[in-house]
Amino acid sequence: MERMPRWADVLLVPLISLILAAAISAIVILAIGENPWNALKIMVTGALGSSYAWGYTLYYATNFIFTGLAVALANHARLFNIGGDGQATVGGLGVALIALYLPWPHWTLALLAAIVASAAFGAAWAAIPAYLQAKRGSHIVITTIMFNYIAYALLTYLLTGPMKPSGTMETATAPFPEGTHIPSFRDLFSHGETILFRGTPANVTFFVAVLACVLVWMLIWKTRLGYEIRAFGFSEGAARYAGIGSTKIIVVTMLLSGALAGLMAINNTLGEAERLILNAVEGAGFIGIAVALMGRSHPLGVFLAAVLFGFLYQGGAELSLSTSIPREMVVVIQALVIMFTGALDNMVRMPVERLFANRRARGTPVAPLAGPTAERAPDRAAPPSTPTTAE
Amino acid sequence: MALDAASPSAAPPAIELRGISKAFGPVQANRNISIRVMPGTIHGIIGENGAGKSTLMSILYGFYHADSGEILIDGRPTRIPDSQAAIRAGIGMVFQHFKLVENFTVLENIVLGAEDSGLLRPSLARARRELRQLAKEYELDVDPDATIEEIGVGMQQRVEILKALYRKADILILDEPTGVLTPAEADHLFRILGNLKAQGKTIVLITHKLREIMAITDNVSVMRRGEMVATVRTADTNPQQLAELMVGRKVLLRVDKAPATPGAPVLEVENLRVVDAKKVERLKGVSFTVRAGEILGIAGVAGNGQSELLEVLGGMMRATGSVRLKGRPLDLSGREDARDRREVGIGHVPEDRQSEGLVLDYTAWENMALGYHHRDAFANGPFIDRPAIMKNTIDKMQRFDVRPPDPMLLAKSFSGGNQQKIVVAREIESGPDLLLVGQPTRGVDIGAIEFIHKQIVALRDQGKAILLVSVELDEILSLSDRIAVMFDGRIMGERIASETNAGELGLLMAGVTGEAA
Amino acid sequence: MDWNTVLLLLDSTIRTATPLLLACLAGLFSERAGIFDIGLEGKMLVSAFLAAGFAYVTGSVWLGLLAGIAGSLLLSAIHGAASITFRGNQLISGVAINFLASGLTVVVSQSWFGEGGRTPQLGDGGRFGEVVLPGAIRLSEMTIREQRELPLLTRFYSDVLSGHSILTYIALLAVPLSWWVLYRTRFGLRLRAVGENPAAVDTAGISVRRLRYSAVAIAGVLCAIAGAQLSTAEPAAGFIRDMTAGRGYIALAALIFAKWRPWPALGACMLFGFFQALETRPDIFVRLFDLRVPSALLSAMPYILTVIILAGFVGRAIPPRAGGEPYVKER
Amino acid sequence: EPAIIFDLGGKFDKSFNESANAGATRWAEETGETFAEFELTAEAQREQAIRRFAEQGKSPIIMVGFMSATPLNEIAPDYPDTKFVIVDAVVDQPNVRSVVFNEHEGSYLVGMLAAMASQTGTVGFVGGMDIPLIRKFGCGYAQGVMAANPDATVIANFTGTTPAAWNDPAKGSELTLAQIGQGADVVYAAAGGTGVGVLQTAADENILSIGVDSNQNYLHPGQVLTSMVKHVDNAVYEAMKAGEAVETGTQVMGVANEGVGYALDDNNASLITPEMKAAVDEAAAKIASGEIEVHDYSADESCPAIQF
Ligand SMILES: Nc1ncnc2c1ncn2[C@@H]1O[C@H](COP(=O)(O)OP(=O)(O)OP(=O)(O)O)[C@@H](O)[C@H]1O
Ligand SMILES: Nc1ncnc2c1ncn2[C@@H]1O[C@H](COP(=O)(O)OP(=O)(O)OP(=O)(O)O)[C@@H](O)[C@H]1O
Ligand SMILES: [Mg+2]
Ligand SMILES: [Mg+2]
């Protein structure tokens, strides 16, 4: 049932939440002796005001789309994948291996190969936690945390030893050969004299991410597998009754989730750095949790939340470039945004709902019982509320 | 027509509600309800699913807050802001869905919220003593140290009653207490209620079962769609009249069916054995046959292996022994799952529609495909064929009179009866050769029961085999053609439905063997 | 491997396990009451900062601890508001709290002390010193040879059990205390009940909200002690940004490992502490197995061992049934 | 106006960024001028910050940290009129000045001091993340130890494999205690903020420690044996002072030009005996003259004195 109009639900409430987050951020900025209005202007123009700004915003967003989708997909099966960081780290390894050790005549082929490799490596890294959850009941939250650390160690080993070109201090692989360089937004959108997205890292991977959103959306809501995943997530009893095997769902979902997280590596290795750098994931797996939860585990929501975080990252960089607001202030702002739009959502929603209810009460009489009152489907984006366990 | 059934005594009513209204969002659950319950009486409340009975009583118990209206206890206006206040006012309530902590012991559940001091030990000791006392007084024996998940629903209900009595309740509200009880357990409960009444306690009893109303209540109130439509003296009414007050139309209280014409055996079960996860043997060698065109009813007290039987046949549990469907053996080793069972033609209306039969957060149309979502009719390759399912759902909803007939509604938004209709529609319409039916009408109102029974009989008349498991003896007796009684994982005996009666079955259900009966 | 090494390992185990144990018990109270808390890390961090900051400014480590508790409680209150009052998503709230703590501690400490997210080094009054248990021998005053001649039990007592900060003993005492509170008091009964079935608690006439807020507050206090241990208990002597370094997540893992029970929590934390202590002694592998463990593998070892133990010996962990779900009476 | 870009650790990392910040601040205080600065938070910002400053006409643009080498190598040609300075890496471009430090040489010297100060013949090394740069420190240190006492034992540990390893003083303490347990009585910390825990624990346990990057002797007077100073501050200061005219090409800062060395001040004067001082100073002279060649781990990823 709709307590308030849909536009209020999807636009008004998040907007008010954002304003609240901004207001508190403003107070903190004031407290450290800076001008919040100025800060806001810098963030907005710096992250949205030009093709340059978008080139960074969308680059970060691309990372978060992948890790956000990874968490979101797993959420639908009530699995809490906090291993996105490790899966993306290992995904990067996959990209590096194909880029460095195989010859690529054209970037399209390299991109395809990178998609396959990063997804496969990411999936592989999720496979053991998935198997242990399905077969041994080992809690996926612990095992994925553990696998994050193991992934970091693995990469440290490889990038300080076997995969590091000798004679350099850099903890990174050698630069990838020419054939693997995928086009950036600049290459794609500049024409003639007008150069757009100059010097920015956004690249074709963004479209892979958009495609991934569409595919995940189709997977979840249009396919039999998605139907089974959601059924399992909502009710294990019903899934068993319907002949939907828990082992299959847990393993397949986690493999797909790991693959999505792994795909993120294309953006930062093949797309941006053109080499594999130690710790290149930079906690994007954890941002992915916030993105997925804020996006209500719906690919469109994930997309929007990822862009919001891209905005915060790029806007934050601009902020520290042009003011003396410390870079950690950006983390505070992120935290407030997550808090208000994610966790304190109802603080805004409840009064707004009441407002609409009052208006309606004055307008039309209360709907009769068993009329068109009950909960209807459109609010389906919400997955099981606490995807911490697959018990 | 709301006649006042005040008893002749001059004492003020134990409970008086005046003009109670309550809305959940846009749903008006209670509308200007007034009722008086006299002390020392058993007062029944009946009404269809969703009529607002539980809501009204929850308001009295301080669980919900009325939007408007007044509560008087023993004639005094009383504010009941929370359950603590209700308890203080001497009210105890046994909810329709028990409010027990599953992994706590009985004793812990009883002292919860009624502890004497900060330390548990003395409270538990006192509770243990008083429990022994209460158990003697009211024939309410329970093992105080068993955990709730270990004991059956009947026992759980006793715990709920003991909880109320331990808190010195003078007014006891029971919401659909017999929905989960066997006839024997129900009779026992009524004896207890009689005891309590004799001690001067006031009892409010919510139920769908008119037989129970007639048997033990003094007065009865009827609710419909959030309103109180009548309060009458039980002695002055009859079931037919009450049913019509409830539903607002004429209803048939008996199943109308022609004699069966059994055909070839469809399901042959031999020496079926099940050991569950806790290594307890649940089925100890069960054998029976169900033929085409007949309904085999399995009677028995809950927990004697019926659930496991259905789960094994439905592909949700592994077992040993032999099961043949139309002559072909089924794999019981766990390699075949529920989906494989559907493929060979077994439909299954599970005992628990909420946790098994439906995905409550799925829409009606999505639920119509549950278990059949892989079938060609419902899928295009890897994709779900939504238009096809939708069309199918609209059709089924109409034919099975699911209300409201809106395929986009979430399953949890339907009332229990309508939820059950969705499950029954899906399973019957999938065209099974064998339909497994567990507790088809548990918690379902009279109108819906009537309908569901008709559908099951119609399927039988198409020549399909039906295995019916129910703890309602009435249902077993009126619906089945043959009846098998289960006790302790074994079949105690088989009877022709028309040649047996509740008494004989009751003995079998208690484990008294056929020869002795 | 000689006894000396074993004793040292155990000594290190207890120290390393202390913040884990406190955070783990914090999570235990919160989650047993049905409130998931992945914000343990953030609360520890804020307390670590405030404890060190106030200990430095006031010169009193106890005042520092109080400040840490206040800060941690504030975050608890936010978490409570989000997950109890406003029925928000408890995981999001926890994530937000971790971010908030990580950013705010640096911003504030920079503006207070100007040392870039660090507090100044704490002098001796500003930190919790070693407590010498009655009858323990001060080993630091003896030569190694003299130490080796002492009876093993004496050394175990003096070396491993004695000589930790008061916070370590608080942590160790918190285990039986938690057990006692949870299983022997009215409050504990209600707390466990509210995590399993809040409706049962509600209909018994007890406020679900109050119980859950108290559980979250207890978690705040315990996290605060854990944080203070990291920044103000010897050998620590000050705050540095992000110094919790993922311990909150490890504590969470330990909690699940322990299946939400106090004594097993002690075991799990000690095990994790032991693994991490082992990580500091690669020489043991050389001596025992003649095996040079590459440092990356050594770093990964605690995590690999955890997975192995989890997969091999620990069965399914069933969380409190109402965990993570806000209590909603009226849909 | 010059600009400086700090690496991911931030300008208060108790390591080379902090030292660079000290140099820049000193320049600003002395000249009364200002400089632009940026602390990286993501890899993608390296290029962003370099380009941004270049386009704003900042020069010279100073980058701290070896990870910026590859991006700078690509970007520098785009801004031929801008001067760039990179610290800790070599970028072979006409408008880039590369400043690298012979940390192994400085570490060698403090290694000698450690060996001479040690009573037990066992000394320790606590590194932050296990990366080649830190091994370079460790390797030089071990060589110095061996040079002073061929029978000595060097224990080397690393804090971890994530950036958290730079900010985990508790872990630093545990590693120090573990090394003490193995008999170490001098411990050298090359671990950023983690080192704070190492030095503190050494002081608490009455053994000696060695600081790194900047002079950390003052942290625990009389208990820090010395510090391996790496004058990133001077390099930054001089680059800023030279301004647009900064000389390009590679500048190697070693013992010879006092780019690295050991710190001697009032705080540790009592710990360094005249004999010790004479021995290291002699070694320093020999290193400067090339008579002693300290092996550089990063040259061939191996170390003659210790196995990592
Ligand atoms: N917590 C709640 N939130 C929202 N709506 C509710 C809630 N509880 C009950 N309702 C609605 O109020 C109405 C009355 O429900 P109630 O449970 O009182 O009916 P009932 O008469 O007890 O039905 P039944 O016989 O099935 O138990 C229904 O429409 C129901 O869906
Ligand atoms: N969340 C809801 N919001 C609005 N209306 C609801 C909601 N849930 C149920 N309803 C409506 O309430 C009515 C009865 O639902 P209710 O939950 O009382 O089922 P029930 O018959 O009590 O089931 P059971 O007997 O198994 O408990 C139906 O008309 C249904 O459409
Ligand atoms: Mg109901
Ligand atoms: Mg009801």
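A, B, ... follow the sequence lines: proteins, then strands. Residue 1 opens every chain.
Per-residue counts of heavy-atom pairs under 4.5 Å with chain D were compared for C:E234, C:Q276, C:R118, C:E130; the largest is that of C:R118. The greatest number of non-hydrogen atom pairs below 4.5 Å with chain D, out of C:G117, C:P235, C:S299, C:P282, is found for C:P235. In terms of heavy-atom pairs under 4.5 Å with chain C, the best-connected choice from D:G160, D:A164, D:G127, D:A178 is D:A178. By number of non-hydrogen pairs under 4.5 angstrom with chain C, the leading residue of D:M129, D:Q307, D:K171, D:E18 is D:Q307.
Using a 4.5 Å cut-off between heavy atoms, D:T159 contacts chain C through its backbone alone, with no side-chain atom that close. Heavy atoms of D:L219 lying under 4.5 Å from chain C belong exclusively to its side chain. Interface remark: D:K14 contributes backbone and side-chain atoms alike to the contact with chain C (heavy atom separation under 4.5 Å).
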Applying side chain to side chain donor-acceptor pair (under 3.5 Å), run through D:S19 and D:S214 and close with a yes or a no. CA-CA 6 Å; D:S19 191; D:S214 58; 5.8 Å; no

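Cysteines C:C24 and C:C269 keep their SG atoms at least 2.5 Å away from one another.
In this structure, a donor-acceptor pair under 3.5 Å is absent between the side chains of C:Y157 and C:S162. D:T25 and D:E29 form no side-chain donor-acceptor contact under 3.5 Å, judged by distance and modelled atom types alone. A donor atom on one side chain and an acceptor atom on the other are not found under 3.5 Å apart for D:E174 and C:T280.
Between C:F113 and C:F49, the shortest heavy-atom distance links the atoms CE1-CE1, 4.1 Å.
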